[in-house]
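Notes to accompany the following structure.
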Amino acid sequence: MMPAALPMNPVRLAVDLFCRGMRVDPSCDSLPALRRTRAGLGSGFETRLREGPRPLCVNVPVVERFAADSPWVLAPRVGAGESRHVVVNAESGEVHPLWIPDEPAWYGRPTKSSGRAMAEVGTLQGTYLGVYVGGVCGFWSGRGENACGFCTSGLNVGGPARRPVSVAEVVETARAAKEESGVTFVHLNAGYAGESTLDGIYPFVEALKSEVGVLVGVQATPARDLSRYDRLRELGADHLSFCYEFHDPKVLAEVCPGKNHALGQKAYFDALVHCSGLFGRGACSGEIIAGVEPLAKTLEAIEWIASVGAFPTVCIFRPTLGARMEHAQPPAPEDMVVALREAWNACRRHKVPIGLAPNVRVSLIVQVDDAYELIERPSMADRAWRAALAAGRVATRPVFRKRMKARST
Ligand code: SF4
(Lines give C-alpha, C1' and ligand atoms only; values in the text may rest on other atoms or scores of the structure.)
Protein backbone atom coordinates (compact mmCIF):
# COMPACT_ATOMS: atom_id res chain seq x y z
CA MET A 1 0.00 0.00 0.00
CA MET A 2 2.92 2.33 0.59
CA PRO A 3 3.95 4.34 -2.46
CA ALA A 4 7.68 3.69 -2.72
CA ALA A 5 8.05 6.80 -4.80
CA LEU A 6 6.75 9.15 -2.12
CA PRO A 7 9.69 11.48 -1.49
CA MET A 8 10.97 12.20 2.01
CA ASN A 9 9.29 15.62 2.05
CA PRO A 10 8.96 17.40 5.44
CA VAL A 11 5.59 15.80 6.26
CA ARG A 12 6.80 12.31 5.36
CA LEU A 13 9.89 13.03 7.48
CA ALA A 14 7.62 14.04 10.37
CA VAL A 15 5.91 10.64 10.18
CA ASP A 16 9.28 8.90 10.18
CA LEU A 17 10.49 10.87 13.18
CA PHE A 18 7.29 10.20 15.15
CA CYS A 19 7.69 6.46 14.49
CA ARG A 20 11.45 6.08 14.75
CA GLY A 21 12.52 8.92 16.99
CA MET A 22 15.89 10.61 16.76
CA ARG A 23 19.29 10.29 18.40
CA VAL A 24 21.08 13.43 19.49
CA ASP A 25 24.69 13.88 18.45
CA PRO A 26 26.78 14.76 21.53
CA SER A 27 28.14 17.81 19.71
CA CYS A 28 24.71 19.48 19.97
CA ASP A 29 24.84 21.93 22.82
CA SER A 30 22.48 24.45 24.42
CA LEU A 31 19.41 22.42 23.57
CA PRO A 32 16.22 23.36 25.41
CA ALA A 33 15.05 21.20 28.29
CA LEU A 34 12.62 18.39 27.58
CA ARG A 35 9.30 19.04 29.27
CA ARG A 36 7.06 16.09 29.98
CA THR A 37 3.53 17.33 30.16
CA ARG A 38 0.06 15.89 30.04
CA ALA A 39 -0.35 12.30 28.85
CA GLY A 40 3.21 12.07 27.58
CA LEU A 41 3.11 12.63 23.82
CA GLY A 42 5.00 15.85 24.34
CA SER A 43 7.98 14.04 25.86
CA GLY A 44 10.36 14.94 23.05
CA PHE A 45 12.08 17.89 21.42
CA GLU A 46 9.95 20.64 20.04
CA THR A 47 11.26 21.11 16.50
CA ARG A 48 10.22 22.53 13.18
CA LEU A 49 10.83 20.79 9.90
CA ARG A 50 9.67 23.80 7.95
CA GLU A 51 9.59 27.45 8.93
CA GLY A 52 7.32 30.14 7.52
CA PRO A 53 3.79 31.33 8.16
CA ARG A 54 2.56 27.74 8.56
CA PRO A 55 5.52 26.02 10.21
CA LEU A 56 5.63 22.25 10.41
CA CYS A 57 6.01 21.60 14.14
CA VAL A 58 7.03 18.16 15.38
CA ASN A 59 7.66 16.95 18.91
CA VAL A 60 10.32 14.33 18.16
CA PRO A 61 10.80 11.40 20.56
CA VAL A 62 14.40 11.26 21.80
CA VAL A 63 14.34 9.59 25.21
CA GLU A 64 12.15 6.57 24.49
CA ARG A 65 13.82 3.20 23.99
CA PHE A 66 13.11 2.99 20.29
CA ALA A 67 14.79 6.35 19.64
CA ALA A 68 18.17 4.82 20.56
CA ASP A 69 17.95 2.64 17.41
CA SER A 70 16.78 5.39 15.10
CA PRO A 71 18.73 6.07 11.92
CA TRP A 72 17.90 9.77 12.39
CA VAL A 73 20.49 11.87 14.20
CA LEU A 74 20.17 15.48 15.26
CA ALA A 75 23.40 17.32 14.53
CA PRO A 76 24.63 20.90 14.33
CA ARG A 77 24.81 22.18 10.79
CA VAL A 78 28.34 22.34 9.46
CA GLY A 79 28.76 25.33 7.16
CA ALA A 80 26.18 27.82 5.99
CA GLY A 81 22.53 26.95 5.69
CA GLU A 82 19.01 27.98 6.53
CA SER A 83 18.89 26.26 9.95
CA ARG A 84 21.39 25.83 12.81
CA HIS A 85 20.63 22.11 13.04
CA VAL A 86 20.03 19.25 10.65
CA VAL A 87 18.65 15.77 10.97
CA VAL A 88 20.81 13.22 9.22
CA ASN A 89 19.90 9.68 8.24
CA ALA A 90 22.94 7.64 9.29
CA GLU A 91 21.95 4.82 6.90
CA SER A 92 21.08 6.69 3.73
CA GLY A 93 23.11 9.86 4.32
CA GLU A 94 20.18 12.16 3.53
CA VAL A 95 20.16 15.47 5.37
CA HIS A 96 17.18 17.71 6.19
CA PRO A 97 17.06 21.10 7.88
CA LEU A 98 15.57 21.21 11.36
CA TRP A 99 14.86 24.21 13.56
CA ILE A 100 14.79 24.11 17.35
CA PRO A 101 12.87 27.15 18.56
CA ASP A 102 14.30 29.04 21.52
CA GLU A 103 12.22 28.74 24.65
CA PRO A 104 10.12 31.87 25.11
CA ALA A 105 11.24 34.33 27.78
CA TRP A 106 7.95 33.95 29.64
CA TYR A 107 8.65 30.25 30.40
CA GLY A 108 10.87 31.13 33.32
CA ARG A 109 8.86 34.12 34.52
CA PRO A 110 6.88 33.70 37.75
CA THR A 111 3.16 34.41 37.74
CA LYS A 112 2.23 37.39 39.90
CA SER A 113 -0.65 35.47 41.44
CA SER A 114 1.43 32.62 42.90
CA GLY A 115 5.07 32.90 41.91
CA ARG A 116 4.88 29.66 39.97
CA ALA A 117 6.95 29.62 36.76
CA MET A 118 4.72 30.01 33.73
CA ALA A 119 6.21 26.91 32.06
CA GLU A 120 4.78 24.91 34.96
CA VAL A 121 1.37 26.26 34.10
CA GLY A 122 1.41 25.68 30.35
CA THR A 123 3.83 24.96 27.53
CA LEU A 124 3.89 25.48 23.80
CA GLN A 125 3.14 22.36 21.79
CA GLY A 126 3.84 23.75 18.36
CA THR A 127 2.31 27.22 18.23
CA TYR A 128 -0.46 26.74 20.79
CA LEU A 129 -0.48 26.70 24.58
CA GLY A 130 -1.26 23.34 26.20
CA VAL A 131 -2.53 23.43 29.79
CA TYR A 132 -3.52 20.54 32.04
CA VAL A 133 -6.21 21.57 34.49
CA GLY A 134 -7.56 19.80 37.55
CA GLY A 135 -6.12 17.10 39.73
CA VAL A 136 -4.55 13.85 38.73
CA CYS A 137 -6.76 11.72 36.47
CA GLY A 138 -9.07 9.44 38.45
CA PHE A 139 -7.83 6.44 36.50
CA TRP A 140 -4.39 6.97 38.06
CA SER A 141 -5.67 6.49 41.60
CA GLY A 142 -4.29 3.53 43.53
CA ARG A 143 -1.45 1.93 41.63
CA GLY A 144 -2.60 3.29 38.32
CA GLU A 145 -3.82 -0.04 37.00
CA ASN A 146 -6.90 1.63 35.48
CA ALA A 147 -4.88 4.26 33.65
CA CYS A 148 -4.55 4.06 29.88
CA GLY A 149 -1.57 1.90 28.94
CA PHE A 150 0.12 4.59 26.85
CA CYS A 151 -0.38 7.40 29.38
CA THR A 152 2.07 8.96 31.81
CA SER A 153 -0.07 11.86 32.98
CA GLY A 154 -0.20 10.46 36.53
CA LEU A 155 3.59 10.81 36.60
CA ASN A 156 3.72 14.22 34.96
CA VAL A 157 0.85 16.37 36.12
CA GLY A 158 -1.67 16.94 38.84
CA GLY A 159 -0.02 14.56 41.34
CA PRO A 160 -0.04 15.11 45.07
CA ALA A 161 3.26 16.97 44.95
CA ARG A 162 1.91 19.32 42.33
CA ARG A 163 -1.08 21.43 43.08
CA PRO A 164 -3.48 22.00 40.19
CA VAL A 165 -3.10 25.22 38.23
CA SER A 166 -5.38 28.10 39.18
CA VAL A 167 -7.49 30.20 36.85
CA ALA A 168 -5.36 33.27 37.67
CA GLU A 169 -2.15 31.41 36.76
CA VAL A 170 -3.61 30.24 33.47
CA VAL A 171 -4.87 33.70 32.57
CA GLU A 172 -1.46 35.29 33.23
CA THR A 173 0.38 32.59 31.32
CA ALA A 174 -2.01 32.67 28.37
CA ARG A 175 -1.74 36.44 28.22
CA ALA A 176 2.07 36.25 28.08
CA ALA A 177 1.90 33.49 25.48
CA LYS A 178 -0.47 35.57 23.36
CA GLU A 179 1.45 38.82 23.64
CA GLU A 180 4.99 37.45 23.32
CA SER A 181 4.62 34.25 21.29
CA GLY A 182 1.57 35.13 19.18
CA VAL A 183 -0.47 32.27 20.63
CA THR A 184 -4.04 32.20 19.33
CA PHE A 185 -5.24 28.93 20.84
CA VAL A 186 -5.18 27.48 24.35
CA HIS A 187 -5.91 23.79 24.69
CA LEU A 188 -7.19 22.72 28.09
CA ASN A 189 -7.10 19.08 28.96
CA ALA A 190 -8.10 17.26 32.08
CA GLY A 191 -8.09 13.77 33.49
CA TYR A 192 -11.18 11.87 34.57
CA ALA A 193 -13.10 13.35 37.50
CA GLY A 194 -16.40 11.57 37.01
CA GLU A 195 -19.50 13.17 35.54
CA SER A 196 -18.43 16.54 36.91
CA THR A 197 -15.15 16.71 34.94
CA LEU A 198 -16.45 19.64 32.90
CA ASP A 199 -17.40 21.62 36.02
CA GLY A 200 -13.72 22.06 36.77
CA ILE A 201 -13.04 23.34 33.26
CA TYR A 202 -15.81 25.94 32.87
CA PRO A 203 -14.04 28.65 34.95
CA PHE A 204 -10.91 28.37 32.81
CA VAL A 205 -12.86 28.69 29.58
CA GLU A 206 -14.81 31.63 30.92
CA ALA A 207 -11.69 33.50 32.09
CA LEU A 208 -9.69 32.82 28.91
CA LYS A 209 -12.53 34.01 26.69
CA SER A 210 -13.36 37.08 28.75
CA GLU A 211 -9.96 38.21 30.01
CA VAL A 212 -7.42 37.02 27.41
CA GLY A 213 -9.23 36.66 24.10
CA VAL A 214 -8.00 33.44 22.54
CA LEU A 215 -9.50 30.40 20.90
CA VAL A 216 -10.07 27.72 23.53
CA GLY A 217 -10.19 23.97 23.06
CA VAL A 218 -11.33 21.46 25.67
CA GLN A 219 -10.27 17.85 25.86
CA ALA A 220 -12.02 15.92 28.59
CA THR A 221 -13.71 12.61 29.18
CA PRO A 222 -17.31 12.73 27.95
CA ALA A 223 -20.24 13.80 30.08
CA ARG A 224 -23.28 11.54 29.96
CA ASP A 225 -25.56 14.50 30.59
CA LEU A 226 -25.12 16.11 27.19
CA SER A 227 -26.72 19.37 28.33
CA ARG A 228 -23.42 20.11 30.12
CA TYR A 229 -22.00 20.97 26.69
CA ASP A 230 -24.50 23.84 26.35
CA ARG A 231 -22.62 25.63 29.11
CA LEU A 232 -19.31 25.22 27.28
CA ARG A 233 -20.89 26.67 24.17
CA GLU A 234 -22.33 29.64 26.08
CA LEU A 235 -18.91 30.32 27.56
CA GLY A 236 -17.46 30.48 24.05
CA ALA A 237 -15.40 27.28 23.79
CA ASP A 238 -14.23 26.92 20.20
CA HIS A 239 -13.15 23.31 19.95
CA LEU A 240 -13.79 20.02 21.73
CA SER A 241 -11.84 16.82 21.35
CA PHE A 242 -12.80 13.36 22.48
CA CYS A 243 -10.04 10.80 22.93
CA TYR A 244 -11.80 7.56 22.26
CA GLU A 245 -8.43 6.03 21.37
CA PHE A 246 -9.41 2.76 19.69
CA HIS A 247 -12.22 1.66 17.41
CA ASP A 248 -11.99 -1.97 18.46
CA PRO A 249 -13.83 -2.20 21.80
CA LYS A 250 -11.66 -5.14 22.82
CA VAL A 251 -8.51 -3.07 22.41
CA LEU A 252 -10.08 -0.19 24.36
CA ALA A 253 -10.95 -2.59 27.20
CA GLU A 254 -7.45 -4.01 27.27
CA VAL A 255 -5.45 -0.78 26.97
CA CYS A 256 -7.78 1.67 28.75
CA PRO A 257 -9.55 -0.29 31.50
CA GLY A 258 -10.64 2.84 33.39
CA LYS A 259 -12.15 4.52 30.36
CA ASN A 260 -13.81 1.32 29.27
CA HIS A 261 -15.32 0.54 32.64
CA ALA A 262 -16.36 4.03 33.75
CA LEU A 263 -17.45 5.41 30.40
CA GLY A 264 -17.38 2.87 27.57
CA GLN A 265 -17.05 3.66 23.90
CA LYS A 266 -20.70 4.67 23.56
CA ALA A 267 -20.30 7.68 25.86
CA TYR A 268 -17.56 8.99 23.57
CA PHE A 269 -19.60 8.36 20.44
CA ASP A 270 -22.71 10.01 21.88
CA ALA A 271 -20.79 13.07 23.05
CA LEU A 272 -18.92 13.48 19.76
CA VAL A 273 -22.08 13.20 17.66
CA HIS A 274 -23.91 15.63 19.95
CA CYS A 275 -21.11 18.21 20.10
CA SER A 276 -20.39 18.02 16.42
CA GLY A 277 -23.99 19.14 15.87
CA LEU A 278 -23.86 21.74 18.64
CA PHE A 279 -20.53 23.36 17.76
CA GLY A 280 -20.63 22.89 13.98
CA ARG A 281 -18.75 20.94 11.33
CA GLY A 282 -15.02 20.82 11.86
CA ALA A 283 -15.16 22.27 15.38
CA CYS A 284 -14.80 18.93 17.16
CA SER A 285 -12.37 16.09 16.80
CA GLY A 286 -12.27 12.41 17.60
CA GLU A 287 -8.82 11.48 18.80
CA ILE A 288 -7.45 8.02 18.16
CA ILE A 289 -4.14 6.29 18.65
CA ALA A 290 -2.80 4.62 15.55
CA GLY A 291 -0.32 1.78 15.70
CA VAL A 292 -1.79 -0.35 18.48
CA GLU A 293 -4.95 -1.84 16.98
CA PRO A 294 -4.95 -3.26 13.42
CA LEU A 295 -4.67 -0.58 10.74
CA ALA A 296 -8.08 -1.57 9.32
CA LYS A 297 -9.71 -0.56 12.63
CA THR A 298 -7.91 2.79 12.60
CA LEU A 299 -9.24 3.39 9.09
CA GLU A 300 -12.77 2.52 10.28
CA ALA A 301 -12.39 5.02 13.12
CA ILE A 302 -11.27 7.74 10.73
CA GLU A 303 -14.22 7.17 8.44
CA TRP A 304 -16.71 7.19 11.32
CA ILE A 305 -15.31 10.37 12.89
CA ALA A 306 -15.42 12.28 9.60
CA SER A 307 -18.92 10.93 8.85
CA VAL A 308 -20.27 12.76 11.92
CA GLY A 309 -18.71 16.07 10.84
CA ALA A 310 -15.68 15.94 13.14
CA PHE A 311 -12.04 15.67 12.13
CA PRO A 312 -9.86 12.72 13.07
CA THR A 313 -6.84 13.48 15.21
CA VAL A 314 -4.51 10.60 14.51
CA CYS A 315 -1.91 10.25 17.27
CA ILE A 316 0.97 8.03 16.29
CA PHE A 317 1.50 5.63 19.19
CA ARG A 318 4.54 6.56 21.25
CA PRO A 319 5.69 3.98 23.84
CA THR A 320 6.55 6.64 26.38
CA LEU A 321 8.93 5.96 29.24
CA GLY A 322 7.00 5.21 32.41
CA ALA A 323 3.83 4.10 30.62
CA ARG A 324 2.63 0.50 30.98
CA MET A 325 3.29 0.12 27.26
CA GLU A 326 6.79 1.57 27.30
CA HIS A 327 8.26 -1.69 26.00
CA ALA A 328 5.89 -1.93 23.01
CA GLN A 329 7.12 -1.21 19.52
CA PRO A 330 6.17 2.01 17.75
CA PRO A 331 4.23 1.58 14.50
CA ALA A 332 5.66 1.29 11.00
CA PRO A 333 5.83 4.69 9.28
CA GLU A 334 4.33 3.17 6.13
CA ASP A 335 1.14 2.25 8.02
CA MET A 336 0.91 5.71 9.52
CA VAL A 337 1.19 7.25 6.05
CA VAL A 338 -1.81 5.13 5.02
CA ALA A 339 -3.81 6.22 8.08
CA LEU A 340 -3.00 9.90 7.68
CA ARG A 341 -3.75 9.87 3.99
CA GLU A 342 -7.11 8.33 4.82
CA ALA A 343 -7.74 11.09 7.37
CA TRP A 344 -7.26 13.64 4.58
CA ASN A 345 -9.46 11.67 2.18
CA ALA A 346 -12.23 11.17 4.74
CA CYS A 347 -12.35 14.89 5.58
CA ARG A 348 -12.45 15.71 1.88
CA ARG A 349 -15.23 13.17 1.17
CA HIS A 350 -17.34 14.33 4.12
CA LYS A 351 -16.46 18.00 3.63
CA VAL A 352 -15.14 18.49 7.14
CA PRO A 353 -13.24 21.80 7.15
CA ILE A 354 -9.75 21.45 8.61
CA GLY A 355 -6.88 23.79 9.46
CA LEU A 356 -8.87 27.03 9.20
CA ALA A 357 -8.05 28.57 12.59
CA PRO A 358 -5.16 31.04 12.44
CA ASN A 359 -1.74 30.00 13.69
CA VAL A 360 -2.72 26.64 15.15
CA ARG A 361 0.18 24.36 14.33
CA VAL A 362 0.32 21.24 16.47
CA SER A 363 3.59 19.47 17.23
CA LEU A 364 2.18 16.26 18.74
CA ILE A 365 0.55 14.95 15.61
CA VAL A 366 0.56 15.30 11.83
CA GLN A 367 -2.35 17.65 11.12
CA VAL A 368 -4.91 16.40 8.66
CA ASP A 369 -4.42 19.39 6.36
CA ASP A 370 -0.70 18.57 6.16
CA ALA A 371 -1.48 14.96 5.23
CA TYR A 372 -2.16 16.24 1.70
CA GLU A 373 1.61 16.14 1.25
CA LEU A 374 1.56 12.39 1.86
CA ILE A 375 -0.47 11.81 -1.29
CA GLU A 376 1.75 10.62 -4.05
CA ARG A 377 -0.36 11.86 -6.93
CA PRO A 378 -3.09 14.26 -5.73
CA SER A 379 -6.29 13.94 -7.76
CA MET A 380 -8.35 16.84 -9.06
CA ALA A 381 -10.61 16.37 -6.03
CA ASP A 382 -7.60 16.61 -3.67
CA ARG A 383 -6.36 19.79 -5.30
CA ALA A 384 -9.83 21.34 -5.33
CA TRP A 385 -10.33 20.54 -1.62
CA ARG A 386 -6.94 21.99 -0.76
CA ALA A 387 -7.77 25.18 -2.65
CA ALA A 388 -11.15 25.34 -0.88
CA LEU A 389 -9.42 25.08 2.51
CA ALA A 390 -6.97 27.84 1.58
CA ALA A 391 -9.90 30.04 0.55
CA GLY A 392 -11.69 29.07 3.76
CA ARG A 393 -8.72 30.24 5.84
CA VAL A 394 -9.02 33.68 4.28
CA ALA A 395 -12.81 33.82 4.39
CA THR A 396 -13.00 32.86 8.08
CA ARG A 397 -10.41 35.38 9.30
CA PRO A 398 -13.06 37.89 10.48
CA VAL A 399 -14.93 35.12 12.29
CA PHE A 400 -11.83 34.03 14.19
CA ARG A 401 -10.81 37.65 14.86
CA LYS A 402 -14.15 38.15 16.55
CA ARG A 403 -13.84 34.93 18.52
CA MET A 404 -10.38 36.01 19.70
CA LYS A 405 -11.59 39.31 21.10
CA ALA A 406 -11.64 39.34 24.89
CA ARG A 407 -15.31 39.39 25.86
CA SER A 408 -14.68 41.85 28.68
CA THR A 409 -13.22 44.54 26.34
S1 SF4 B 1 -8.06 9.30 30.65
FE2 SF4 B 1 -6.39 7.88 30.17
S3 SF4 B 1 -5.05 9.11 28.80
FE4 SF4 B 1 -6.39 10.56 29.86
S5 SF4 B 1 -5.21 11.21 31.65
FE6 SF4 B 1 -6.54 9.52 32.30
S7 SF4 B 1 -5.27 7.68 32.10
FE8 SF4 B 1 -4.28 9.32 30.93
Side-chain angles (χ1 to χ4, degrees), residues 35-43 59 61 64 122-123 125 130-165 187-201 204 217-224 239-272 284-293 298 301 312-326 328 362 364-365:
R35 296 181 186 274
R36 295 188 67 166
T37 56
R38 314 219 270 184
L41 268 188
S43 58
N59 184 282
E64 283 74 16
T123 50
Q125 296 180 322
V131 180
Y132 181 93
V133 297
V136 69
C137 172
F139 302 142
W140 273 94
S141 63
R143 286 177 306 168
E145 61 270 29
N146 284 319
C148 301
F150 49 81
C151 173
T152 60
S153 89
L155 312 174
N156 304 338
V157 290
R162 212 175 165 271
R163 72 175 164 76
V165 295
H187 194 226
L188 302 171
N189 94 321
Y192 178 66
E195 178 66 10
S196 59
T197 302
L198 286 179
D199 292 350
I201 300 177
F204 292 93
V218 173
Q219 185 177 83
T221 48
R224 288 181 194 282
H239 163 71
L240 296 187
S241 54
F242 295 95
C243 303
Y244 88 86
E245 321 295 11
F246 306 108
H247 208 65
D248 184 336
K250 288 200 288 296
V251 177
L252 180 74
E254 198 181 304
V255 179
C256 306
K259 275 190 181 186
N260 182 59
H261 182 69
L263 299 158
Q265 219 174 26
K266 186 172 180 308
Y268 282 87
F269 290 169
D270 289 350
L272 182 55
C284 297
S285 84
E287 200 161 313
I288 48 166
I289 295 187
V292 176
E293 64 183 342
T298 301
T313 299
V314 180
C315 300
I316 294 177
F317 170 56
R318 182 182 301 194
T320 311
L321 288 184
R324 265 204 319 282
M325 296 171 80
E326 74 169 48
V362 184
L364 307 183
I365 54 155

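One-based numbering, in listed order, for ligands and for the atoms of each. Counting from 1, the numbers follow the sequence of the chain as shown.
In this structure, Y192 falls outside the shell of residues with a heavy atom less than 4.0 angstrom from ligand 1.
Shown in contact with A147 at under 4.0 Å from a heavy atom are these atoms of ligand 1, numbered in order with element: 7 (S). Shown in contact with F139 at under 4.0 Å from a heavy atom are these atoms of ligand 1, numbered in order with element: 1 (S), 6 (Fe). Every atom of ligand 1 is numbered from 1 in the order shown, and the set under 4.0 Å from a heavy atom of K259 is 1 (S), 2 (Fe). Listed by number with element, the atoms of ligand 1 under 4.0 Å from a non-hydrogen atom of W140 are 7 (S), 8 (Fe). Those atoms of ligand 1 with a heavy atom of C148 less than 4.0 angstrom away are 2 (Fe), 3 (S), 7 (S). Per-residue contacts place C151 under 4.0 angstrom from the following atoms of ligand 1 (heavy atoms of the residue considered): 3 (S), 5 (S), 7 (S), 8 (Fe).
Note that NE2 of H247 and CD1 of I289 are 15.5 Å apart. Values are rounded to the nearest 0.5 Å.
Side-chain contact check for Q125 versus V362: every heavy-atom pair is 4.5 Å or farther apart. With contacts defined as side-chain heavy-atom distances shorter than 4.5 Å, the pair V131/F204 does not qualify.
Because the distance cut-off is set at 2.8 Å, C137 qualifies as a neighbour of atom 6 (Fe) of ligand 1 through one of its N, O or S atoms.
A donor-acceptor contact under 3.5 angstrom links the side chains of T313 and S285, judged on distance only.
Partner of C256 under the side-chain contact (heavy atoms from CB on, under 4.5 Å) criterion, out of Q265, E245, H261: E245 alone.
F139 and Y192 have parallel rings, their planes meeting at less than 30° on a 0 to 90° scale where 60° marks the start of perpendicular.
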